A.B. asks: 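One structure follows; several queries about it will come next.
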Amino acid sequence: MYRLATHTGLRQVPRSIANSTLCPALATPRFIQPVSIRTMMNSSYSVKVSDRVKHDHAELEKQYRNILAAEDQDTKVRWQNQFIWELARHSIAEEIVVYPAFEKFVPNGLQMAEKDRAEHQRVKNLLYEFQKMTPSSSDFHPTLDKLWDALSDHITEEERDDLPALEEHIDVEYSSKLASSFNTTKHFVPTHSHPSAPDKPPYETAVGLLTTPLDKLIDMFKKFPKEDMKA
């Protein structure tokens, strides 16, 4: 039933189990790539939380550009689904992991976190509308543009002001722990926008655990970019 991954010394999870609704945290539209133990150790201890967040921001911009550049409906839908999937997970992971760190370590962190949550709420509202649309809708591109305008403004402020302030008040080791927690949290949170859900832990975490399995079940019937489209 299991096949040894000789290059890592770890057992690989059978694809049938990884994609099962009984294991929703693993049922993502991305392929699971083998990672060496050395790579996992290096990434766990050298990547700062700001690097993880900025990487997500770059991926989101790429997906937005791919939606705009898509030449047919099928490709546009695939990138739309990828964008929704990534943005929903990213936003909730920030609210569960990063924003509490703002509040705990940055002198004006409470106001900073509240500002970011308010900006997230606007993004979630627009994402909720966008995720119900098809590319044939006349509101598809206008809504996407509004969504990206709100998101890009938030990204600019976060990368310019908020993340540097956090890194200034924590050491590298703790930043790496936050990065690992942020990355892990994304596997256990909803993959669609739910604007009425709480935006602070522990309530956001609890609601997310209830909502995630249904979101991931829905994702199993959606189209996502093929691997050769991501190159």
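Just so it is clear, the model here is predicted, and its values are computed rather than measured.
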A.B. asks: Is P100 close to P201 at the side-chain level, that is, under 4.5 Å between some pair of heavy atoms?
C.D. replies: yes
A.B. asks: Check residues 143-151 and write down every donor-acceptor pair under 3.5 Å in which the side-chain atom is one partner and the other belongs to a residue at least two apart or another chain.
C.D. replies:
| residue | atom | partner | partner atom | Å |
| --- | --- | --- | --- | --- |
| T143 | OG1 | D139 | O | 2.7 |
| D145 | OD1 | Y64 | OH | 3.2 |

A.B. asks: Any Lys/Arg nitrogen of R117 or E103 sitting under 4.0 Å from an Asp/Glu carboxylate oxygen of the other?
C.D. replies: yes
A.B. asks: Is I92 close to P190 at the side-chain level, that is, under 4.5 Å between some pair of heavy atoms?
C.D. replies: yes
A.B. asks: Quick one: list whatever passes ring-ring contact (aromatic ring centres under 6.0 Å, His included) with H192, sequence neighbours left out.
C.D. replies: none
A.B. asks: Between Y128 and W85, is there a shared hydrophobic cluster once you connect ILVMFWY residues whose side-chain heavy atoms come closer than 4.5 Å?
C.D. replies: no
A.B. asks: Tell me whether N108 contacts the main-chain N or O of Q111 through its side chain, where contact means a donor paired with an acceptor under 3.5 Å.
C.D. replies: no
A.B. asks: According to salt bridge (charged side-chain N to carboxylate O under 4.0 Å, His left out), who are the partners of R65, at least two apart in sequence or on a separate chain?
C.D. replies: E61
A.B. asks: Regarding K62 and E59, does a basic nitrogen lie under 4.0 Å from an acidic carboxylate oxygen?
C.D. replies: yes
A.B. asks: With under 30° as parallel and over 60° as perpendicular, where do the rings of Y99 and H120 fit, or are they tilted in between?
C.D. replies: tilted
A.B. asks: Taking atom types as modelled, is there a side-chain donor on E167 or S175 under 3.5 Å from an acceptor on the other?
C.D. replies: yes
A.B. asks: The criterion is ring-ring contact (aromatic ring centres under 6.0 Å, His included); which residues satisfy it with H194, sequence neighbours excluded?
C.D. replies: none
A.B. asks: Would D153 and T156 count as having a side-chain donor-acceptor pair, cut-off 3.5 Å?
C.D. replies: no
A.B. asks: Examine distances only and state if a side-chain atom of T185 and a backbone atom of S181 form a donor-acceptor pair shorter than 3.5 Å.
C.D. replies: yes
A.B. asks: Any chance the side chains of N125 and Q121 put a donor and an acceptor closer than 3.5 Å?
C.D. replies: yes
A.B. asks: Check D56 with R89, please: is the shortest side-chain N to carboxylate O separation under 4.0 Å?
C.D. replies: no
A.B. asks: Name all residues meeting the side-chain contact (heavy atoms from CB on, under 4.5 Å) criterion together with K76; count only those two or more places apart in sequence or in a different chain, and write none if there are none.
C.D. replies: I67, A70, P135, F140, H141
A.B. asks: Please check if L87 and L68 belong to a single hydrophobic cluster, counting links between Ile, Leu, Val, Met, Phe, Trp and Tyr side chain heavy atoms closer than 4.5 Å.
C.D. replies: yes
A.B. asks: Membership question, hydrophobic clusters at under 4.5 Å side-chain separation (ILVMFWY): are Y174 and M112 in the same one?
C.D. replies: yes
A.B. asks: Can K115 and E158 be said to form a salt bridge (charged side-chain N to carboxylate O under 4.0 Å, His left out), step by step?
C.D. replies: CA-CA 10 Å; K115 170 187 67 71; E158 197 168 68; over 6 Å; no
A.B. asks: Can you sort out the partners of D74 under salt bridge (charged side-chain N to carboxylate O under 4.0 Å, His left out), two or more places apart, ordered by chain and number?
C.D. replies: R78, K223
A.B. asks: How about F102 and H169: are their ring centroids closer than 6.0 Å?
C.D. replies: no
